[in-house]
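The structure displayed is predicted, hence computed values, not measured ones.
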Amino acid sequence: MTAKTNTREYLQELGERILGDTRTSLYLSMHFLGAALFGLDYAFDLSTRTLGTDGAYIRYNTRYLREQYLERENALERAYMHMLIHCLFLHVFHKKEYADGALWDLCCDIAAESVIDSMGVPLLARVTSDFREEWYERLQSALSALTAEKLYRYFTDNSIDGMMMQRLEREFIVDDHAFWEKLKDADEEQDMPLPPDVNMVPLANIPLKETWEKAAERVSVEMDVSGSEYGEEKGRLSRLLRAARAPHPDYASFLRQFAIYREELTVDMDAFDPGYYHYGMMMYGNLPFVEPVEYRESRRIDELVIAIDTSASTARRHVQKFLNQTVELLQTQGSFFSHMKILLMECDDTVQHEIEINRLSDLKSYADGFEIKGGYGTDFRPVFMRVAELQKSGEMKHLRGLIYFTDGHGVYPKAATAYRTAFVFLRDEEYDDSEVPEWAIRLYV
């Protein structure tokens, strides 16, 4: 065995030992990370000066690991956690979808660091610079949730000069993202290495991206099960993972759940045979054998209640997004009968405004001119009490559904409704869905 081989084996063994110790420290501090911590193997790689991950391995330069281990307390723990966040939020797999790869890299690093800085874990603690705090404050005031996707849109819409970009990179970049670019396009061919036994089901023979989706779900569930055991140590990680794994049904399909069958005055060409019609006209003049069917059975929405949370915690721009999307879907899907009833209610701790809409064009006008009325605390119950009054008086006979757009902060009704009820939240925005009753539907759009 040559001296070169001996040296390589020594460097590889040293690097694995350092990373193994780092992983153990993280696991002892945060057991809920087990599904992610034991999902990465290690690979000695001289193509990098630092370290990085490709989703299957942490690829490292041992010299860098040794320097960080000896000279910077807890630096490797933060770097390890930083790479885990890249994997849990699938940053590794989406770089090719963004035109500006360097900007995507920066946004992923800012997102990862903001999660780590929000966690009250002594092992990960560090003194944040004034520059970092200033940017956190600026970004949080504009975005609420600092996800890589939202950060990319923010920096695309609000261009920054090259010098500021360099300062941000020096502040937030931690790991080498070059390995992301080397991922196969068909990442389903890549499998994550088998983890050791940590009370986990092995994830062998599962595509790499799907494996991390499952790992993220396990980490999220573990944090939910642990309750307050870890307290502030979860930081933003718990909320963002929950949002990322929340079901996101198609909104149009969701609206169709409220539809009913009813005869509608229209020519039903599906039930009309033109052959018999024309034969009768040819043989007997004005005596068609079959007249066009003047009614057809349609499955559309007859009555619908849309409630809007106008409390102080709800931003007007969020409501506008929801209304615009709802109008667009209803206009393009042909979801309503020609005679319909949409009851719009604006409510904070009381119903502030109520309007009945019978035409989709009126709904669009309402959305275009929407202004928040109210701005006090949130109580969802007045809307449901008002609907009960309308049903009792016979003003709403065919109500199948109520959609309540909110940020989730408020008092919910306890009794289940006879109609479908959905509380609607905007994805990636600040919301709290933890108190939504079990009988209601959670919808994220």
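- Annotation: the span from Leu151 atom CG to Cys108 atom SG amounts to 9.0 Å, rounded to 0.5 Å.
- Between the side chain of Thr62 and the backbone N or O of Leu11, at least one donor-acceptor pair lies under 3.5 Å.
- Residues Val387 and Met345 form a side-chain contact, since some pair of their non-hydrogen atoms from C-beta on lies under 4.5 Å apart.
- Ion pairing between Glu389 and Arg386 holds under the 4.0 Å rule for side-chain N and carboxylate O.
- To the nearest 0.5 angstrom, Phe131 atom CZ is 5.0 Å from Met164 atom CE.
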Verdict with supporting geometry, Tyr404 and Phe380, ring pair (Phe, Tyr, Trp, His ring centres under 6.0 Å): CA-CA 9 Å; Tyr404 209 131; Phe380 304 115; 5.0 Å; yes

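- Looking at Glu13 and Arg17, a side-chain N of the basic residue comes within less than 4.0 Å of a carboxylate O on the acidic one, giving a salt bridge.
- Applying the 6.0 Å contact sphere to CD of Glu97 captures more than 12 heavy atoms from other residues, nucleotides or ligands.
- The local environment of CE in Met385 is crowded, with over 12 non-hydrogen atoms from other residues, nucleotides or ligands closer than 6.0 Å.
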Worked verdict on Thr50 versus Asp175 for side-chain contact (heavy atoms from CB on, under 4.5 Å): CA-CA 7 Å; Thr50 56; Asp175 57 331; 5.9 Å; no

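- Side-chain atoms of Arg59 do not come within 3.5 Å of backbone N or O of Phe179 as any donor-acceptor pair.
- Here the closest heavy-atom approach between residue Trp104 and residue Glu149 is recorded as CH2-OE2, 3.9 Å.
- In terms of heavy-atom proximity, Lys341 sits nearest to Asn358 at CA-ND2, 4.1 Å.
- The minimum heavy-atom distance between Ala111 and Thr147, with the atom names listed, is CB-C, 4.2 Å.
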Ile357/Leu344 under side-chain contact (heavy atoms from CB on, under 4.5 Å): CA gap, chis, key distance, verdict: CA-CA 8 Å; Ile357 288 177; Leu344 280 155; 3.2 Å; yes

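- Residues Phe405 and Phe425 keep their aromatic ring centres 6.0 Å or farther apart.
- Across Leu208 and Gly55, no two heavy atoms sit closer than the pair CD1-O, 3.4 Å.
- Looking at Thr406 and Asp309, their side chains do bring a donor and an acceptor atom within 3.5 Å of each other.
- Within the model, atoms OH of Tyr57 and CG of Leu19 stand 14.0 Å from one another, a figure rounded to the nearest 0.5 Å.
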Residues Tyr10, Asn6; criterion side-chain contact (heavy atoms from CB on, under 4.5 Å); working and verdict: CA-CA 6 Å; Tyr10 167 76; Asn6 284 331; over 6 Å; no

Trace of the ring pair (Phe, Tyr, Trp, His ring centres under 6.0 Å) decision for Tyr152 with Tyr98: CA-CA 9 Å; Tyr152 187 90; Tyr98 293 86; 4.6 Å; yes

Steps toward side-chain contact (heavy atoms from CB on, under 4.5 Å) verdict (Met396, Tyr419): CA-CA 12 Å; Met396 300 201 83; Tyr419 46 86; over 6 Å; no

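- If you take CG on Leu402 and CZ on Phe384, they are separated by 5.0 Å, rounding to the nearest 0.5 Å.
- The side-chain heavy atoms of Ile308 and His353, taken from C-beta on, include no pair separated by under 4.5 Å.
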Pair Arg138-Glu134, salt bridge (charged side-chain N to carboxylate O under 4.0 Å, His left out): steps then yes or no: CA-CA 6 Å; Arg138 180 185 305 184; Glu134 176 189 334; 3.2 Å; yes

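- Of the inter-residue distances, the one linking His31 atom NE2 with Leu26 atom CG reads 12.0 Å to the nearest 0.5 angstrom.
- The backbone N or O of Leu399 lies less than 3.5 Å from a partner atom in the side chain of Glu303, making a donor-acceptor pair.
- Here the side chains of Met81 and Leu33 are in contact, with some heavy-atom distance below 4.5 Å.
- Geometrically, Arg49 does not engage Tyr64 in a cation-pi contact defined by less than 6.0 Å to the ring centre and at most 45° from the axis.
- Between the side chain of Ser159 and the backbone N or O of Phe155, no donor-acceptor pair lies under 3.5 Å.
- For the residue pair Gln352/Thr310, the side-chain donor-acceptor check at 3.5 Å is not satisfied.
- Aromatic ring centres of Trp180 and His86: separated by under 6.0 Å.
- Checked against the 6.0 Å centroid threshold, Tyr412 and Phe423 count as a close aromatic pair.
- Surrounding CD of Glu169 are more than 12 heavy atoms belonging to other residues, nucleotides or ligands, all under 6.0 Å away.
- When all heavy atoms of Val121 and Met30 are compared, the pair lying nearest together is CG2-SD, 3.7 Å.
- Atom CG of Asp161 has more than 12 neighbouring heavy atoms from other residues, nucleotides or ligands inside a 6.0 Å radius.
- With rounding to the nearest 0.5 Å, the separation of CG in Leu51 from NE2 in His82 is 9.5 Å.
- For the residue pair Ala148 and Cys107, the shortest heavy atom distance occurs at O-CB, 3.7 Å.
- Side chain of Thr421 to main chain of Thr417: no donor-acceptor pair is present (N/O by atom type, distance under 3.5 Å, no hydrogens or angles).
- Within the 3.5 Å criterion, the main-chain N or O of Ala216 finds no donor-acceptor partner in the side chain of Ser220.
- Side-chain N/O atoms of Asn61 and Thr48 include no donor and acceptor closer than 3.5 Å.
- Side chain of Thr128 to main chain of Glu133: no donor-acceptor pair is present (N/O by atom type, distance under 3.5 Å, no hydrogens or angles).
- The shortest side-chain heavy-atom distance between His94 and Lys209 falls under the 4.5 Å cut-off.
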Distance-only criterion, 3.5 Å: show the donor-acceptor pairs between side-chain atoms of residues 68-79 and protein atoms not counting sequence neighbours.
| unit_1 | atom_1 | unit_2 | atom_2 | d |
| --- | --- | --- | --- | --- |
| Gln68 | OE1 | Arg72 | NH1 | 3.3 |
| Asn74 | ND2 | Leu123 | O | 3.2 |
| Arg78 | NH1 | Asp117 | OD1 | 3.3 |
| Arg78 | NH1 | Leu124 | O | 2.7 |
| Arg78 | NH2 | Glu113 | OE1 | 2.8 |
| Arg78 | NH2 | Asp117 | OD1 | 3.0 |

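- Contact of the Thr378 side chain with the Asp349 side chain is not registered, since no non-hydrogen atoms from C-beta on lie closer than 4.5 Å.
- With 3.5 Å as the limit, one finds no donor-acceptor pair spanning the side chains of His91 and Asp109.
- Residues Trp135 and Ile110 have side chains not in contact (no heavy-atom distance under 4.5 Å, counting atoms from C-beta outward).
- With a 4.5 Å cut-off on side-chain heavy atoms, Thr53 and Asp176 do not count as touching.
- Annotation: side chain of Glu435 is not in contact with side chain of His409 (no heavy-atom distance under 4.5 Å).
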